Amino acid sequence: MADKVQRVRGTQDLFGDAILRFDHVVDTFNRVRKLYGFRRVDVPVFEFTSVFARTLGETTDVVAKEMYTFEDRGGESLTLRPEFTAGIARAYLANGWQQHAPLKLAAWGPLFRYERPQKGRFRQFHQLDAEIIGAAEPAADVEVIALAAQLLTELGLADKVVLQLNTLGDADSRSAWRAALVEHFTGHAAALSAESRERLAKNPLRILDSKAEGDRALIADAPRIDRHLTAEAGRYFDAVQKGLQAAGVAFERNDALVRGFDYYRHTAFEFVTDHLGAQGTVIGGGRYDGLIETMGGPHTPAVGWAAGIERLALLVGEVSEDFVVAVVADTEEHEQQARDVIALLRSNGVAVDLSFSGSPKRLVEIARKRGNDGVLFMRAAGDMSDGRHPLHLQHFDGDPVLMRTLAAHVGAALGPRYYLTGGGARV
RNA sequence: GCGACCAUAGCUCAAUCGGUUAGAGCGCCGGUUUGUGGUACCGGAGGUUGCGGGUUCGAUCCCCGUUGGUCGCCCCA
């Protein structure tokens, strides 16, 4: 029945072009994070519920209504991770990774939030994640942001995305600013949108993000963080900005930028785009010096970000695969020999696709439809007097540069027992 | 949780004002032609128009409900 093969809302079956783009984002991340010395870490997809509930903030939407929480057979309350940072911080504490501090970590994988799906948002979605744990220096902030910026550049997205930067100050700055915001907005509560009135009680910083037309004037007059920054927090933010300039990372100040979770302090940033409809944030992160302490660990400064893989995959252009050839024997007698050719090609690094039945003509059609780059024919007729068997390479793509490249790879992989015609090959 | 829009063949879409046998392209299957290779042509299979009600002589079309999808609000990557 149809209902049995139905996909759960907000999940995806990735295939074809979609998975190529997804993998391209992940592959690029893995390449770039190595350039920055970020070590791979993998943590569980589920944790004890308290790991997320305590750290993200009880009133945040994610904790209040978006977590996939369930009881296991032992009666423990577990939660499918809605984000990476809390789980990584838990692992850092549980495994005594303090000995490696400062630790630069990279992770990626699925996350789960019970939300209404829309463009660039899913219930099972995937993020890239980068964290530096155990470094209190502005240079660490610069390092993670530079990693993000290079990732975007290498994905070809540099001109589609801008970096917005803000500071939330240290704990003292943040609470002073928060109090000032509450005072300001409470004075104008009647003029606020209903949603912002609710935010006033739950998370007043969020009012600054409001998209409501009527809130904008009030937001424009709202107190800025800059007036409430302690001297130390101000110096810190200065150092981050100077570091970014020195690293050649362009940014713009957005003093209304806040972050979703309660654990953020000091630097907050987002890479945003206007190419994704309502979901403009492609990478978001900041400093979370208080998180590990709230989990019961020692005071541990840390900074990091997460990137939405689906959102990045929507932005990247078409992704091409490495070339693949199909091998087709003209006659049945040549099929055994075709196996030899296939093994030779594969053991020498040339990808070979093949179908399992059909006429040569049909096999060529299939190869083309599957997106193979060319067909290598085992020729029925050929001069074998010198002991070498002729192969004919046919391309589906007319590009002469590609043809020569492909012919060169195939020719080199085949070695002296075969000679190649077609495709501009000279053997 | 709220709102708007959408749902027709495996896929992308048509079908006049509500009108009788729901079409096309692609894909799939079979065949013919061609023959050192991205062909062309002929034929075929494939539909309870998401599902359930209602209005009507008659519903793919109008109404209600329901399920699913898309986009937006909220929130977030």
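Excluded from the calculations below are hydrogen atoms, water molecules and symmetry mates; all remaining heavy atoms, backbone and side chain alike, are included. Note that the coordinates shown come from a computational prediction; the quantities given were computed from them, not determined experimentally. Note on naming: letters A, B, ... go to the chains in the order of the sequence lines (proteins, then strands), and numbering restarts at 1 for each one.
- One can place NZ of A:K65 at 6 Å from C1' of B:G1, the figure rounded to the nearest angstrom.
- By the side-chain contact (heavy atoms from CB on, under 4.5 Å) test, A:L363 pairs with A:V328, A:S355, sequence neighbours left out.
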Taking only distance into account, with no hydrogens and no angle test, what donor-acceptor pairs under 3.5 Å do side-chain atoms of residues 61-71 of chain A form with protein atoms, sequence neighbours excluded?
unit_1 : atom_1 : unit_2 : atom_2 : d
A:D61  : OD2    : A:K65  : NZ     : 3.4
A:T69  : OG1    : A:T79  : OG1    : 2.8

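- Note on A:Q118: a side-chain N or O is less than 4.0 Å away from OP1 or OP2 of B:G72.
- Of the candidate nucleotides B:C71, B:A77, B:G37, B:G37 has the atom lying nearest to any side-chain atom of A:H392.
- The pair A:E47-A:R90 counts as a salt bridge, with a side-chain nitrogen and a carboxylate oxygen less than 4.0 angstrom apart.
- Going from atom CG of A:D209 over to atom P of B:C73 covers 12 Å, rounded to whole Å.
- Applying the side chain to side chain donor-acceptor pair (under 3.5 Å) rule to pairs touching residues 133-147 of chain A yields A:K104-A:E143, A:D141-A:Y236, A:D141-A:T267, A:D141-A:R287, sequence neighbours excluded.
- If you take CG of A:L376 and P of B:G37, they are 14 Å apart, rounded to a whole angstrom.
- Between A:L128 atom CG and B:A77 atom P the separation is 13 Å, expressed in whole Å.
- Screening residues 134-156 of chain A for ring-ring contact (aromatic ring centres under 6.0 Å, His included) gives no qualifying pairs among residues at least two apart or on separate chains.
- Closest approach to the A:R7 side chain among B:A77, B:U70, B:G68 is made by B:U70 (side chain taken as heavy atoms from C-beta onward).
- The same atom, P, is picked in B:C61 and in B:G52; the two are 13 Å apart, to the nearest Å.
- The nearest whole Å value for the distance from the CZ atom in A:F269 to the C1' atom in B:C76 is 15 Å.
- Remark: the A:D289 side chain and the A:Y264 side chain contain no N/O donor-acceptor pair separated by less than 3.5 Å.
- Comparing A:L276 and A:R199 by the nucleotide of RNA chain B whose heavy atom lies nearest to each, the residue mapping closer to the 5' end is A:L276.
- Between A:K119 and B:U70 there is no side-chain polar atom (N or O) within less than 4.0 angstrom of OP1 or OP2.
- Judged by closest nucleotide on RNA chain B, A:F377 is the one of A:F377 and A:R311 placed further toward the 5' end.
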Would you tabulate the pairs of protein nitrogen or oxygen atoms and nucleotide nitrogen or oxygen atoms of nucleotides 26-32 of chain B closer than 3.5 angstrom?
unit_1 : atom_1 : unit_2 : atom_2 : d
B:C28  : OP2    : A:K369 : NZ     : 3.3
B:C29  : OP2    : A:R362 : NH2    : 3.2

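- The separation between A:F84 atom CZ and B:C76 atom P is 18 Å, rounded to whole Å.
- Residue contacts shown for A:G285 are absent, as no nucleic acid heavy atom lies under 4.0 Å away.
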Just the dot-bracket of RNA chain B, please: which string comes out with Watson-Crick or G-U pairs under 3.5 Å, [ ] for crossing, | for another strand?
-> (((((((..((((.....[...)))).(((((.......))))).....(((((..]....))))))))))))....
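- Nucleotides B:U60 and B:C17 are separated by 15 Å at their C1' atoms, to the nearest Å.
- Rounded to the nearest Å, the gap between the P atom of B:A9 and that of B:A24 is 15 Å.
- Listed for the A:R113 side chain is a donor-acceptor partner under 3.5 Å among the backbone atoms of A:P82.
- The distance from atom CG of A:L420 to atom P of B:G37 is 14 Å, rounded to the nearest whole Å.
- Scored by the ring-ring contact (aromatic ring centres under 6.0 Å, His included) test, A:H188 finds A:H184 as partners (sequence neighbours excluded).
- Residues that satisfy the salt bridge (Lys or Arg N to Asp or Glu O under 4.0 Å) test with A:D42, not counting sequence neighbours, are absent from this structure.
- On the C1' atoms, B:U55 is 7 Å away from B:C63, given to the nearest whole Å.
- The stretch residues 30-65 of chain A participates, sequence neighbours left out, in no ring-ring contact (aromatic ring centres under 6.0 Å, His included) pair at all.
- Of the charged side-chain nitrogens involved, none lies within less than 4.0 Å of a carboxylate oxygen, so that A:R174 and A:D170 do not count as a salt-bridged pair.
- Partners of A:F112 according to the ring-ring contact (aromatic ring centres under 6.0 Å, His included) rule, which considers only residues two or more places apart in sequence or in another chain, do not exist here.
- Base contact: A:E115 has a heavy atom under 4.0 Å from a base atom.
- Residue contacts for A:E270: at a heavy-atom cut-off of 4.0 Å it reaches no nucleic acid atom on any strand shown.
- At a threshold of 4.0 angstrom between heavy atoms, the contacts of A:F122 include nucleobase atoms, whether or not backbone atoms are also involved.
- Going from atom CZ of A:R116 over to atom P of B:C2 covers 8 Å, rounded to whole Å.
- Across B:A77, B:C75, B:G37, the shortest atom-to-atom separation from the side chain of A:V364 is found for B:G37.
- A salt bridge does not link A:D274 with A:K160: none of the charged nitrogens is closer than 4.0 Å to a carboxylate oxygen.
- Taking A:H24 as the reference, nothing meets the ring-ring contact (aromatic ring centres under 6.0 Å, His included) condition, with sequence neighbours excluded.
- Set against B:G68, B:A77, B:C73, the side chain of A:R113 has B:A77 as its closest nucleotide.
- Straight-line distance between the C1' atoms of B:G19 and B:U56: roughly 12 Å, to the nearest whole Å.
- The same atom, P, is picked in B:G54 and in B:U16; the two are 25 Å apart, to the nearest Å.
- Separating the C1' atom of B:U8 from that of B:A15 is a span of 10 Å, rounded to the nearest Å.
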Write down the protein N/O and nucleotide N/O pairs, taken from nucleotides 6-8 of chain B, whose separation is under 3.5 Å; answer none if there are no such pairs.
none

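- Taking atom P on both B:G25 and B:C6, the two are 28 Å apart, rounded to the nearest angstrom.
- If you check B:G69, B:C75, B:C76 against the side chain of A:R9, the one that comes closest is B:G69.
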